[in-house]
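Some notes on the structure that comes next.
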Amino acid sequence: MTVKLDFEECLKDSPRFRAEIEEVQNHVSELETRLEKLVKQCQAMVEAGRVYCQTSKSFATGLQELGHHCSGDAVMEGCLEKFSTKLSVILKGQGELMETTQSVKTKLQSFVKEDVRRFKEVRKEFERRSECLEGAQARNAQAPRGKQHEVEEASNALLNARRAFRSEALDYVLQINVIEAKKRTDILMAMLSLMEAQAQFFQHGHQSLSELDLYRQTLSEEHTQLVLNSAREKRDMEQRHAAIKKKDISYDDTIMDFNADAANGIAMEGYLYKRASNAFKTWNRRWFSIQKNQLVYQKKFKDQLTVVVEDLRLCTVKNSTENERRFCFEVVSPSKCCLLQADSERQQQAWITAVQSSIASAFQEHREDPHSPRQRCSSVSASSLGGAAGAGGGADQESEGRKALEEVQAIPGNKQCCDCGEPGPDWASINLGITLCIVCSGIHRSLGVHFSKVRSLTLDSWEPELVKLMCELGNAVINRIYEARIEEMTIKKPHPSSPRGEKESWIRSKYVEKKFIQKLPETGRNVLLLRRSSARRKRNTSPERTVQKPPLKPKPTRATLPRVTGLSLSDLVQKNHAGVHKEAEEPDEDLSGLHPGALLYRSAALQNFPVMADALAHGANVNWVNASEESSTPLIQAVSVNALAACEFLLQNGAHVNQADSNGRGPLHHATILGHTGLVCLFLKRGADYNAKDKNQKDPITIAVDNANADIVTLLRIAKMNKEMREMDGAFGQSGDETYQDIFRDFSHMASNNPEKLKRRSADIRSERRSRSASGFTRAA
């Protein structure tokens with residue numbers, strides 16, 4: 001509020017002047033109250049700001065110390081160092097802002113204590129002069145007319161009082177105008193300096209943090225990659241944890257694993273009791289290890305190693321039965337004899353074997369043999385395959401992997417996310433055969449593996465048969481099945497910028513509830529098996545067929561069954577209603593009227609992936625049994641035509657790898673009988689039972705031996721040996737021998753990329769066996 005008083009008006013001392021004076025006094029009193037409150041608030045803000053700055057400086061120092069502690073991690077160290085430095089600069093500006101705020105508080109406090117106090121003093125003097133004037137005016141009015149001297153005295157007193165009042169009134173009006181003007185200048189100046197300090201602080205802070213924009217963007221990308229790596233590692237650890245918990249971990253033995261070619265040079269290590277050489281013959285538990293052709297031990301990790309045997313070539317090891325303690329053995333050298341005790345008989349034998357092997361290895365290295373026993377074993381195993389590995393090596397396999405992933409991304413529709421259309425998807429659902437963005441992949445993962453199995457195209461390892469499966473399907477094929485009715489239903493598909501909730505609702509409706517697939521009429525639900533059985537019963541009960549049984553129909557192959565590539569299940573039904581049939585086809589072989597399970601069964605033999613996917617979408621049982629054909633399953637049908645990718649597709653969608661037909665033969669039996677080496681390799685990797693026997697009491701190994709298929713015999717025996725080795729190593733054993741893994745990897749690549757090589761190998765092996773048999777017969781003759 002602006003108050004202006006005229007000097008002429010104060011001389012009149014009118015009621016208007018008095019009213020203005022009272023209004024000014026009220027305004028100044030309220031101003032004083034508000035300024036005092038503001039000064040207290042400003043002081044509180046300064047104190048809190050200083051505490052905040054001090055605490056923040058301590059926090060920045062803590063960040064710097066944490067960065068020094070994380071010196072081994074370049075990403076962590078760089079992030080903490082850069083942020084703590086910028087935070088220190090911002091806090092310095094915060095301190096300057098607090099100093100400016102303190103200056104503003106001082107100015108406001110000075111205005112209250114000096115200017116407002118001076119105003120109060122002048123007002124008090126004005127009120128005193130006003131009271132004196134009122135008293136003089138009263139005495140002048142009361143002076144009697146007859147007493148001249150009293151009249152003069154009262155008149156003089158009134159004149160002096162009026163003069164003093166008007167002088168003080170002029171001073172009061174001057175002080176009012178001065179404080180009004182100073183109020184504007186002082187308060188505005190204080191606020192302006194505070195605003196400038198605030199603006200400078202925030203601009204300086206923004207500028208400092210803007211310098212980190214590129215770094216923050218790079219760090220965000222690295223963080224995203226770290227999250228993906230962490231998720232993958234967590235998944236692997238959880239799987240490893242679950243696998244270990246399923247095994248028996250109740251034993252007390254320590255895991256013993258001798259590895260002469262260990263990267264750290266430690267061939268074997270573990271706890272042993274050692275008998276001291278003092279008079280008391282005390283036993284002490286120590287951590288022993290075999291390294292650098294020496295037997296050493298230590299009590300704590302940071303302790304120096306104590307050498308028991310300087311050179312293993314100069315010692316021998318043997319059991320010790322003279323001591324009362326169990327599981328003892330001696331390491332005897334020319335200078336001394338060391339008595340050791342293991343925790344169990346198994347550990348005792350393991351240590352004795354390890355020392356003996358180390359002695360042999362030491363002599364081998366002394367003769368400068370460039371190949372270790374393990375390397376020679378691997379070389380022999382690889383050569384026994386007859387070149388199955390090829391000449392590519394690890395680098396070629398990596399290049400093939402990159403090439404295969406590029407082929408997956410080049411499938412029609414795979415360059416955009418199958419569900420939202422975001423470009424450049426780097427995730428996939430391996431049982432559906434589609435590519436996904438990271439958001440949709442998370443939603444797919446939440447559906448459960450019975451609906452979608454999610455894997456990263458860039459972070460996870462991809463087996464060749466899985467890559468081949470992905471190349472057979474694709475986003476365009478699957479969307480024609482699962483989005484067949486979105487146009488007629490006028491449903492809007494989510495786009496890349498849609499909210500996650502909208503995408504999740506769409507994906508659940510699409511894959512779980514299957515709202516958008518083409519519904520089948522009741523005529524499309526006929527089960528082929530029932531029609532065939534009915535027709536067969538009619539033929540068997542006819543008079544002319546009462547004695548002779550009908551001939552068995554051969555199993556369908558790609559040459560005998562109608563080719564329906566590109567047709568979905570709904571297309572087949574429409575063709576059935578339209579009466580579109582080939583003249584050469586029998587009515588019973590019309591695929592358009594099949595039950596989804598029967599259609600999956602037939603399309604598996606045709607290797608028609610769109611129809612297989614369509615049948616599964618319509619509820620086909622992946623383990624559907626055809627009772628009219630020896631209880632065969634879709635997986636066995638795929639085996640009959642050597643369809644590697646079709647078998648992988650069925651397995652990824654829940655097919656039982658050990659489900660047998662009426663003859664007791666599972667997919668592994670049929671693959672062995674037909675000599676499909678790639679399928680044998682696939683089934684063994686998927687956990688097929690190589691000990692299962694059919695009705696003739698033959699297991700796959702026996703069948704492979706009878707058929708003289710060396711490749712399959714090798715695979716079956718290596719798988720069996722590898723399992724036995726893992727069981728012997730205990731619950732914490734390794735996932736498998738490296739030679740076993742290399743052999744299976746090579747066969748998988750060959751079956752997926754060069755299947756003709758397997759055919760030539762089988763033909764060459766059979767020809768060699770026949771020639772050997774013939775030569776043997778000649779010699780016998």
Side-chain angles (χ1 to χ4, degrees), residues 224-225 227-236 238-239 242 405 408-409 411-463 465-467 469-486 491-517 609-610 612-620 622 645 648-655:
T224 302
Q225 188 67 29
V227 170
L228 296 177
N229 293 340
S230 177
R232 184 181 63 180
E233 292 174 357
K234 180 182 178 183
R235 182 196 63 192
D236 294 341
E238 289 177 347
Q239 292 176 353
L405 292 180
V408 171
Q409 295 174 344
I411 299 299
N414 282 13
K415 291 184 178 180
Q416 292 82 27
C417 175
C418 184
D419 294 324
C420 71
E422 182 171 339
D426 52 3
W427 293 81
S429 175
I430 56 177
N431 63 312
L432 293 173
I434 58 177
T435 57
L436 304 165
C437 66
I438 187 171
V439 176
C440 293
S441 69
I443 300 174
H444 272 257
R445 186 177 285 108
S446 66
L447 300 179
V449 294
H450 52 293
F451 286 107
S452 184
K453 299 178 180 178
V454 179
R455 184 176 291 188
S456 172
L457 288 171
T458 56
L459 301 179
D460 293 322
S461 59
W462 285 74
E463 298 172 337
E465 58 268 16
L466 197 55
V467 175
L469 165 61
M470 293 293 299
C471 293
E472 292 287 351
L473 293 170
N475 296 353
V477 172
I478 297 302
N479 279 341
R480 282 199 299 267
I481 297 172
Y482 284 89
E483 297 181 1
R485 301 176 58 214
I486 58 172
I491 295 177
K492 184 179 180 181
K493 185 176 181 178
H495 47 81
S497 59
S498 298
R500 178 184 173 89
E502 184 177 337
K503 293 181 181 180
E504 184 172 4
S505 177
W506 166 266
I507 290 173
R508 287 190 175 276
S509 299
K510 179 178 177 180
Y511 298 104
V512 179
E513 302 173 8
K514 300 178 182 179
K515 290 184 177 181
F516 315 129
I517 65 173
F609 289 85
M612 293 170 68
D614 204 348
L616 290 174
H618 284 84
V622 71
E648 177 68 16
F649 178 69
L650 293 170
L651 290 172
Q652 290 296 340
N653 282 277

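When reading the values below, keep in mind they use all heavy atoms of this one structure, side chains included, and skip hydrogens, waters and symmetry mates.
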Subject >> Side-chain (Asn431) to main-chain (Phe451) donor-acceptor, under 3.5 angstrom >> reply: yes
**OP:** Measure the CD1-CD1 distance between Ile478 and Ile434 for me, rounded to the nearest 0.5 Å.
**Re:** 7.0 Å
Original post:
Between Asp614 and Pro610, is there a donor-acceptor pair closer than 3.5 Å when you use the side chain of the first and the backbone of the second?
Top reply: no
Original post:
If every non-hydrogen atom of Val467 is compared with every non-hydrogen atom of Trp462, which pair is closest and at what distance?
Top reply: CG2-CB, 3.8 Å
Original post:
Run the side-chain contact (heavy atoms from CB on, under 4.5 Å) check on Val512 and Leu447 step by step: do they pass?
Top reply: CA-CA 8 Å; Val512 179; Leu447 300 179; 3.9 Å; yes
Original post:
Rounded to the nearest 0.5 Å, how far apart are CD1 of Ile486 and CG of Asn479?
Top reply: 7.5 Å
Original post:
Going through the distances and angles, do Ile430 and Glu648 end up as a side-chain contact (heavy atoms from CB on, under 4.5 Å)?
Top reply: CA-CA 10 Å; Ile430 56 177; Glu648 177 68 16; over 6 Å; no
**OP:** Could you walk me through whether Leu651 and Glu465 pass the side-chain contact (heavy atoms from CB on, under 4.5 Å) test, one step at a time?
**Re:** CA-CA 11 Å; Leu651 290 172; Glu465 58 268 16; over 6 Å; no
Original post:
Aromatic rings Tyr511 and Tyr482: how do their planes relate, parallel, tilted or perpendicular, breaks at 30° and 60°?
Top reply: tilted
Original post:
Near Lys415 NZ, under 6.0 Å, is it more than 12 heavy atoms from other residues, nucleotides or ligands?
Top reply: no
**OP:** Step by step, work out the side-chain contact (heavy atoms from CB on, under 4.5 Å) result for Ile491 and Trp506.
**Re:** CA-CA 10 Å; Ile491 295 177; Trp506 166 266; 3.7 Å; yes
Original post:
At what distance, to the nearest 0.5 angstrom, does NZ of Lys503 lie from SG of Cys437?
Top reply: 5.0 Å
Original post:
Between atom CG of Asp419 and atom NE2 of His495, what is the distance when rounded to the nearest 0.5 Å?
Top reply: 14.0 Å
Original post:
Does atom NZ of Lys453 have more than 12 heavy-atom neighbours from other groups under 6.0 Å away?
Top reply: yes
**OP:** Applying salt bridge (charged side-chain N to carboxylate O under 4.0 Å, His left out), name anything that partners Arg485, two or more places apart in sequence or on another chain.
**Re:** Glu488
Subject >> Atom pair CG (Leu436) and OG (Ser429), whose distance is rounded to the nearest 0.5 Å >> reply: 6.0 Å
**OP:** Report the distance from atom CD1 of Ile507 to atom CZ of Arg500, rounding to the nearest 0.5 Å.
**Re:** 8.5 Å
Please report, to 0.1 Å, the donor-acceptor pairs under 3.5 Å made by any side chain of residues 420-428, with sequence neighbours excluded.
none

